[in-house]
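Beneath this line is the structure, given in structure tokens, with notes to follow.
Throughout, numbering of the chain's residues begins at 1 and tracks the sequence.
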Amino acid sequence: MNGKYQHWTLETDDDKLLWLHLDKAGASANTLSKEVLEELDDILTGVEKTPPDGLLLVSDKASGFIAGADVKEFTEVKSRDEAAAIIHRGQRMADRIEALPCATAALIDGFCLGGGLELALACDYRIATDSLNTRIGLPEVKLGIHPGFGGSVRLIELIGAVDAMPLMLAGRAVGGYKAKKLGMVDALVPKRHLVAAGRDFVTRKPARHQPGRLRALASSRPLRPLLAGKFRKEVAKKASKEHYPAPYALIETWEKHADNRRQWLDAEAQSVTDLFETDTAHNLVRVFFLQERMKSLGKQKDYQPKRVHVIGAGVMGGDIAAWCALQGFSVTLQDREPKYIAPAIKRAKKLFDMKLRPKHLNTAAGDRLIPDHKGLGIEKADIVIEAIVENAEIKQALYREIEPRMQPDAILATNTSSIKLETLGEALDKPERLIGIHFFNPVAKMQLVEIVRTDATPQELIDRTSTFIANMRKLPLPVKSSPGFLVNRVLMPYLLEAVELLSEGNAPETIDRAATDFGMPMGPILLADTVGLDICLSVANILGEQLGVAVPEKLKQMVDAGKLGKKSGEGFYRYEKGKPVSSKDAPAPDAVVTDRLIARLLNESVAVLREGVVEDADLLDAGMIFGTGFAPFRGGPMNYVKHIGEGQFVQKLQQLEKQFGERFKPDSGWKNLQEPRPRDAGQ
Ligand code: NAI
């Protein structure tokens with residue numbers, strides 16, 4: 001059986017093994033679009049009629065195996081029936097692969113996610129490469145749904161619920177080594193051996209992987225309710241059922257139906273169809289596309305920087321250097337003396353230990369990070385990142401010294417959080433070559449990086465810098481050089497309102513609860529304590545001076561008293577072993593507490609848009625979701641505003657202004673939002 005479809009190529013070799021190659025036309029990555037699955041449907045009909053001796057699923061893309069279902073098609077679904085049809089088609093395909101009489105295998109190099117893994121799970125064997133890029137998982141909950149092509153059933157059958165559930169509930173993908181250890185893949189081989197290993201499995205036909213007896217027992221009728229309770233408790237720590245129903249629905253289908261495979265598969269399909277219709281799924285799909293948009297800002301393929309030089313090995317510089325080394329860059333790290341670099345190297349080692357197994361990858365990352373107190377790396381670097389103390393004169397003196405030593409086209413980037421690029425650039429021969437790359441703390445956790453530009457920054461430099469940031473697996477967001485950029489600027493009034501509420505006698509727990517109930521990952525009081533009250537005060541003062549934001553007296557008093565938050569053992573909370581001591585008796589928040597917090601944040605968002613700090617409302621939403629964790633299921637601040645109605649919100653602000661003062665005065669930018677949009681016209 002040989003043949004060529006638009007997306008698939010069939011090739012039967014001398015051993016009567018059929019190789020099914022997927023190379024989705026017109027796309028850089030394979031996804032299971034309607035067309036791809038329709039072709040597969042046709043192919044499987046032929047295979048069922050004349051089965052080969054073995055069947056191997058392979059990707060012809062350099063980027064990976066299959067990234068999952070085609071998320072774009074999700075946005076085009078118009079009815080419940082259409083959603084059900086998509087899911088049934090995918091499930092049927094996996095069922096038919098599983099039912100083939102010949103041995104089947106999926107060969108995985110790079111990502112194998114969502115629907116891609118669901119097809120692979122329907123095969124008898126999965127063989128993966130030991131490449132760092134191999135990532136295997138079922139991330140559907142991140143889109144507000146759960147696996148629907150039979151993947152939740154098959155993964156649990158393959159490795160047991162104890163391991164499978166947490167992966168699916170968090171939507172976490174694992175590397176090849178972990179996947180092998182868990183039994184998700186049968187073999188891990190260097191890329192050059194992938195084809196031979198696949199051939200070996202389907203001809204030799206060893207027994208299929210099964211979970212051990214104990215692991216299989218987890219799905220037994222008496223144990224399921226117990227374990228389901230435990231899973232629910234774990235999920236509840238991160239996501240409420242009201243805001244994120246998908247993980248709860250996944251637990252329920254397993255708990256109720258794991259005794260009867262057909263019913264279980266039907267329940268899986270039914271449950272995903274229900275989830276498809278939720279606001280959460282719509283908003284999370286939107287967030288997915290926002291993320292894709294930011295990634296696409298960094299796709300200048302002809303720019304491939306390799307050497308990074310970081311100056312300043314403190315909290316930020318040290319961690320930026322470590323992250324770069326982890327992602328494969330060669331990094332030199334400079335500070336005034338070796339003793340300032342040593343702690344950063346120690347922290348980097350911890351990061352590599354956590355993120356990189358096996359040993360040789362870990363050692364290689366360590367080798368890529370070179371302490372360099374003399375700054376010898378400057379001459380060779382493609383990009384120099386300055387992350388020294390927040391002092392304009394000291395930064396300028398450094399630039400004067402390094403500019404003549406840098407490659408003419410190397411990027412000079414500063415991590416400053418508050419000094420104007422225009423001021424720093426005065427020290428340079430070519431001020432327009434300076435760009436801001438504002439990382440967030442902690443670097444390893446926070447995905448967003450603001451790319452700070454002035455009016456004089458060439459687009460070409462913004463593109464190259466965005467590419468560098470995307471290459472290190474962070475999300476670049478271009479913003480205008482202005483006080484607080486986007487994220488700190490929008491976040492600060494919200495934090496300051498929380499401090500006001502506290503000064504008025506509300507318990508910190510009550511205020512934090514208002515925010516977490518709204519869907520924030522952490523309350524504002526705890527967040528302020530975690531960032532450090534001294535840092536909050538300094539950002540607040542800058543915004544206060546330049547934008548007229550009032551700084552609550554309470555914040556100044558705390559800093560004067562040396563109560564700086566988590567790092568000093570006491571802030572608004574007291575800390576024991578790094579954990580806040582909080583009271584369970586604090587009263588539940590009134591709606592007005594939430595209103596005040598969110599109103600300040602949304603009003604500032606509108607101001608930032610009006611000033612053009614970010615290009616548009618979508619990028620603002622993206623920045624706040626990936627820079628602060630703003631309730632993703634609400635799709636970002638501006639999406640939330642749209643949801644409740646701009647006019648409605650302005651009324652709320654006016655009400656709050658009357659009650660609590662001028663800081664709630666609706667920004668003039670609301671008028672632009674309220675002007676009728678074309679789609680509203682005539683209604
Ligand atoms: P830090 O005080 O932890 O580290 C600064 C390091 O720079 C120190 O190790 C110091 O020895 C070194 N240094 C000072 N002058 C130097 C020179 N002339 N040459 C070489 N090294 C020199 O400071 P942190 O917190 O890492 O901040 C660094 C920069 O990052 C600042 O511009 C800050 O505004 C910015 N930033 C800080 C964030 C934070 O949460 N700490 C978040 C985002 C940006």
Side-chain angles (χ1 to χ4, degrees), residues 297-298 300 303-314 316-318 320-321 324 329-336 340 372-439 449-469 471-472 474 476-486 488 538 542 545-546 612-613:
L297 296 175
Q300 194 161 328
Y303 180 61
Q304 291 300 332
K306 298 210 160 44
R307 294 198 164 102
V308 183
H309 183 77
V310 181
I311 311 181
M316 296 304 289
I320 294 168
C324 290
F329 292 95
S330 295
V331 186
T332 36
L333 178 57
Q334 178 183 350
D335 206 297
R336 290 170 295 168
Y340 297 115
D372 175 22
H373 74 280
K374 292 188 177 149
L376 301 176
I378 292 173
E379 277 88 357
K380 289 196 188 122
D382 300 309
I383 175 155
V384 174
I385 302 174
E386 171 274 306
I388 66 170
V389 279
E390 190 70 343
N391 176 307
E393 279 164 26
I394 302 180
K395 284 187 196 279
Q396 285 180 334
L398 177 77
Y399 296 170
R400 276 189 207 100
E401 192 228 320
I402 62 174
E403 188 185 21
R405 292 168 57 197
M406 287 174 57
Q407 301 261 359
D409 60 346
I411 296 174
L412 174 58
T414 172
N415 188 42
T416 183
S417 47
S418 62
I419 307 172
K420 280 188 167 177
L421 278 194
E422 292 86 340
T423 309
L424 293 176
E426 284 165 10
L428 290 166
D429 261 355
K430 289 193 192 136
E432 69 283 359
R433 80 180 296 181
L434 181 68
I435 193 159
I437 47 175
H438 186 233
F439 285 83
V449 178
E450 291 174 323
I451 310 284
V452 188
R453 57 167 169 85
T454 68
D455 291 340
T457 313
Q459 186 59 42
E460 160 283 323
L461 178 59
I462 299 172
D463 293 344
R464 277 197 294 148
T465 310
S466 300
T467 301
F468 166 66
I469 295 299
N471 285 1
M472 67 158 86
K474 297 278 178 199
L477 176 68
V479 296
K480 204 165 92 176
S481 170
S482 63
F485 313 133
L486 168 69
N488 286 344
S538 108
I542 289 160
E545 271 167 34
Q546 301 185 23
V613 174

**Message:** Side chains of Ser418 and Glu390: any donor to acceptor distance under 3.5 Å?
**Reply:** yes
**Item:** Under 3.5 Å side-chain donor-acceptor pair for Gln334 and His373
**Value:**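 No, because no side-chain N or O of Gln334 sits under 3.5 Å from a partner of the opposite role on His373.
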If we ignore hydrogens and angles and just use 3.5 Å, is the side chain of [X] paired with the main-chain N or O of [Y] as donor and acceptor?
X: Asp372; Y: Leu333; result: no
X: Glu386; Y: Ile388; result: yes
X: Asp335; Y: Ala313; result: yes
X: Asn415; Y: Phe439; result: yes

State the [atom1]-[atom2] distance between [X] and [Y], to the nearest 0.5 angstrom.
X: Thr454; Y: Ile435; atom1: OG1; atom2: CD1; value: 8.5 Å
X: Ile402; Y: Ile378; atom1: CD1; atom2: CD1; value: 5.5 Å
X: Thr416; Y: Leu421; atom1: OG1; atom2: CG; value: 7.5 Å
X: Met472; Y: Ile383; atom1: CE; atom2: CD1; value: 7.0 Å
X: Lys380; Y: Arg307; atom1: NZ; atom2: CZ; value: 6.0 Å
X: Lys474; Y: Ile451; atom1: NZ; atom2: CD1; value: 12.5 Å

Less than 4.5 Å apart, side chain to side chain, heavy atoms only: is that true for [X] and [Y]?
X: His438; Y: Val449; result: no
X: Val308; Y: Ser330; result: no
X: Thr457; Y: Leu434; result: no
X: Glu403; Y: Arg433; result: yes
X: Thr465; Y: Pro476; result: no
X: Val479; Y: Arg453; result: no
X: Thr414; Y: Ile437; result: no
X: Leu428; Y: Leu412; result: yes

**Message:** Taking atom CD as the centre, does Gln304 end up with more than 12 heavy-atom neighbours from other residues, nucleotides or ligands that are less than 6.0 angstrom away?
**Reply:**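 Count over threshold, so yes.
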**Request:** Show the numbers, then the answer: is there a side-chain contact (heavy atoms from CB on, under 4.5 Å) between His309 and Val331?
**Result:** CA-CA 6 Å; His309 183 77; Val331 186; over 6 Å; no
**Aromatic centroids of Phe329 and Phe468 separated by under 6.0 Å** = yes
**Request:** Would you please test Ile311 and Ile385 for side-chain contact (heavy atoms from CB on, under 4.5 Å) and show each step?
**Result:** CA-CA 6 Å; Ile311 311 181; Ile385 302 174; over 6 Å; no
Minimal non-hydrogen separation, [X] against [Y], with atom names:
X: Ala410; Y: Ala381; answer: CB-O, 3.4 Å
X: Ala456; Y: Glu432; answer: O-CB, 3.7 Å
X: Glu401; Y: Pro404; answer: O-CD, 3.5 Å

**Message:** Tell me every residue that passes salt bridge (charged side-chain N to carboxylate O under 4.0 Å, His left out) with Glu545, counting only those two or more places apart in sequence or in another chain.
**Reply:** none
**Request:** Tell me, please, which residues at least two apart from Lys420 pass side-chain contact (heavy atoms from CB on, under 4.5 Å).
**Result:** Glu422, Thr423
**Asked** After noting the C-alpha distance and the side-chain angles of Val384 and Tyr399, does the key distance pass the side-chain contact (heavy atoms from CB on, under 4.5 Å) rule?
**Response** CA-CA 10 Å; Val384 174; Tyr399 296 170; over 6 Å; no
